[in-house]
2 protein chains.
Amino acid sequence: MSDGAIGLIETEAGAVPRNGERRRGIDRVIVLLEALLRHRAPMRVGDIARMIGAPRSTTYEIVNSLLEAEMLENVGTEGYVYFGRAMHLFGWAYSHHNAHYRRIIETLDRMAAETGETVQLCGLRGNKYIVLDCRDSSGPFRISSDVGVEVPIPWTASGRLLLGHMSEEEVEDFIPPGDYKLPDGRVIAPAEFFSDVALARQQGFSETAALADRFTWCMAAPIRDGHGAINKTLCFVLPVDTPEARRSELLALLCERARALSLAGS
Amino acid sequence: MSDGAIGLIETEAGAVPRNGERRRGIDRVIVLLEALLRHRAPMRVGDIARMIGAPRSTTYEIVNSLLEAEMLENVGTEGYVYFGRAMHLFGWAYSHHNAHYRRIIETLDRMAAETGETVQLCGLRGNKYIVLDCRDSSGPFRISSDVGVEVPIPWTASGRLLLGHMSEEEVEDFIPPGDYKLPDGRVIAPAEFFSDVALARQQGFSETAALADRFTWCMAAPIRDGHGAINKTLCFVLPVDTPEARRSELLALLCERARALSLAGS
DNA sequence: CGTTATTGTCTGATATTTCAGACAATATGT
DNA sequence: ACATATTGTCTGAAATATCAGACAATAACG
């Protein structure tokens, strides 16, 4: 095995593929790309095969097709592959076709330039939180987090805002029980989390200090769509020891910019 | 038909699919995504089917799979689809896994901020030129070009640099004859183009004035890889009437930054 | 209103793709 | 040097995904 722990990814649909069962090439491609995204590093074909639970011969076949299309590309000389140039182009097309998204990205750029802090755009993917885009701090204290990696919602300030439209019961059904457990072993009481969500809704912003890790102070403000719903949030990720004066200044900026990006009610 | 001209895309391999012939789902996916990239706007399933030469029933099947994976997403309410969020995440992973590419992007950002001009990163895709990334001018005179769209190499300043490693004969074999014809009908003499390529190699930069269109002055400088080869170029796209003093100042900046991004020889 | 084109969903049959397994050629470890 | 694991490539055969075409339901048009 090349490195790290590589486990079998269970696909949503068929739990245990019975023997003699086959899977469609397209589905293999989808699972493969998602596996690569989670792994966040080039992988070898053999490891990919194990990770997505596909036969090696099939995996070679698929990988070669994707390589030819530049959706994947070879990295290094040891048979490693990772996302290719075509993916960059598709992703670029996605993020620029839509005027609203373009404005958001411009704001992200401007805020990063003005403040020098780490700025993120966040949202949900299923019942997990993900960073959709970010600009890393230019300072020596660089906290960077990976775009697209799924994180339990209760670990995040943004998560508290993004559940604002749900009742306490809905939130309870929505969050997998294990997601209240933090990386350091502490467990957030669900009741406490529900009241955090309510507070975030009332305040119109959310903050967490040293929650998912000991070093960061996160603050999030909602970007509302045309119906007033919160699909995305704008966040600062600061060193936890940032002085209060600086924090409140940044919070005000964050809320102002997020409000400016929100669409008028329909 | 919804809009615009939608022609049949010929796939590289099988010229005319004989009747009774089938195509693999994966290949359909690849052709579909490339078609969507060229079209640069949301499309309806029926139009996609026509464009990629696939049966409608197959196209629905594939599109629905990709929608579920968020590789595509619905746009509007009229059955239009375009690239989805997952593509953004895959593309982001591509462009950040590699330290060199990250440095290039930072340079792009900085140059755009410092000069306010349109800056591009360009490269080849097969025997065509494409813009890999860009930062549009902030000024009122905004010339934007689409990332990922294939353009004949002789239309561009970058193209002249990117062929620098080829002999005159190789260039002749490489460029499709039709690519010497400019959008306005003028035709570049191949001999003239070859000497442009030689000049670009000798100077270490390339400029074109009012070539692909009447309004732009383009200047490109090479980014060299570890072997001294030119894979990518850095460009400014300026209004054609930019004063000479400003142009030479920008050219100097461009060459300096491109050189800084080039990797030391191995 | 009749005519024509489109959309989205189903169906059954067959051409094809996925799959298990074998293979030689390297690596890796003891 | 031996045993073990891995890589990349092929093969034949069985399971099935792709395909043509039909269908009802709208939409577009004169």
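Chain letters run A, B, ... following the sequence lines, proteins first, then strands; residues in each count from 1. The analysis underlying the following values was restricted to heavy atoms, covering all of them including side chains, and did not include hydrogens, waters or symmetry mates. The model shown is predicted, which means the values in this text are computed figures rather than measured ones.
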Can you see if the side chain of B:T58 gets near the phosphate of D:dC19 - specifically, an N or O under 4.0 Å from OP1 or OP2?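 Yes, because at least one side-chain N or O of B:T58 sits under 4.0 Å from OP1 or OP2 of D:dC19.
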
Contact under 4.0 Å: A:R24 side-chain N or O vs D:dA15 OP1/OP2: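 For D:dA15, neither OP1 nor OP2 has a side-chain N or O of A:R24 closer than 4.0 Å.
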
If the condition is salt bridge (charged side-chain N to carboxylate O under 4.0 Å, His left out), which residues does A:R135 pass it with, not counting sequence neighbours? A:D109, A:D133

Using atom [atom1] of [X] as one end and atom [atom2] of [N] as the other, report the distance to the nearest whole Å.
| X | N | atom1 | atom2 | result |
| --- | --- | --- | --- | --- |
| A:R28 | D:dA17 | CZ | C1' | 14 Å |
| B:D47 | C:dA5 | CG | C1' | 12 Å |
| A:E61 | C:dG21 | CD | C1' | 17 Å |
| A:R50 | D:dA5 | CZ | P | 12 Å |
| A:I26 | D:dT18 | CD1 | C1' | 10 Å |
| B:I48 | C:dT7 | CD1 | C1' | 13 Å |

Nucleotide N/O to protein N/O under 3.5 Å, stretch nucleotides 8-12 of chain C:
residue: C:dG8; atom: OP2; partner: B:Y60; partner atom: OH; Å: 2.8
residue: C:dG8; atom: N7; partner: B:R56; partner atom: NH1; Å: 3.2
residue: C:dG8; atom: N7; partner: B:R56; partner atom: NH2; Å: 3.4
residue: C:dG8; atom: O6; partner: B:R56; partner atom: NH2; Å: 2.9

Looking at A:R22 and D:dA17, is any side-chain donor or acceptor paired with a base atom of the opposite kind under 3.5 Å? no

Evaluate the side-chain proximity of B:I130 to A:L89: yes if any heavy-atom separation is below 4.5 Å, no if none is. yes

Just by modelled atom types, is the B:L36 backbone N or O under 3.5 Å from a matching donor or acceptor in the B:R40 side chain?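 Flag not set: sc B:R40 to bb B:L36 has no pair under 3.5 Å.
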
Does B:P183 have any side-chain contact (heavy atoms from CB on, under 4.5 Å) partners at least two apart in sequence or in another chain, and if so, which? B:W155

Below 4.0 angstrom, N of the basic side chain to O of the carboxylate: do A:E61 and B:R24 qualify? yes

Rounded to the nearest 0.5 Å, what separates atom CZ in A:R50 from atom CG in A:D47?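 The CG atom of A:D47 is 5.0 Å from CZ of A:R50, to the nearest 0.5 Å.
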
